[in-house]
Amino acid sequence: MELISKMLVASLILVNLSLASQAQNKKQVKKENKTEKVKLKDHACTQACHDSGKHVYAHGEKGHVCTSACKK
């Protein structure tokens with residue numbers, strides 16, 4: 001009887017651990033989907049493009065690469 005109780009407790013612990021790990025994976029997938037859904041706009045030249053002699057892409061435009069300045 002004691003062996004059955006230990007096996008039952010061990011199996012319950014394993015089930016709880018597997019459920020907890022699956023819950024964390026679902027949250028991570030939701031975060032990744034949010035970033036994929038953002039539609040980028042086509043680039044429209046501004047005065048900054050004309051002043052520098054090259055394209056200056058704004059945040060959210062195709063061709064833009066985020067830097068630490070974007071995260072502020």
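FYI, side chains are in, hydrogens and waters are out, and symmetry mates aren't considered; it's all heavy atoms of this structure. Heads up: numbering here begins at 1 and tracks the sequence.
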Response to the item:
dist Leu8:CG -> Ile13:CD1 (nearest 0.5 Å) comes out at 10.0 Å
Worksheet item: Any sub-3.5 Å donor-acceptor pair from His43's side-chain atoms to Tyr57's backbone N or O?
Response: no
Worksheet entry | Distance (rounded to the nearest 0.5 Å) between Met7 CE and Leu12 CG | 12.0 Å
Worksheet item: Between NZ of Lys6 and OG of Ser11, what distance do you get to the nearest 0.5 Å?
Response: 14.5 Å
Worksheet item: What distance separates His50 NE2 from His55 NE2, expressed to the nearest 0.5 Å?
Response: 9.5 Å
Item to complete: Report yes if the side chains of Cys49 and Lys54 come closer than 4.5 Å at any heavy-atom pair, otherwise no.
Response: no
Discussion item. If you compare all heavy atoms of His59 against all heavy atoms of Cys66, which two are closest, and at what distance to 0.1 Å?
Written reply: CE1-SG, 3.3 Å
Fill in: Student check: side-chain heavy atoms of Lys62 and Lys41 closer than 4.5 Å
no
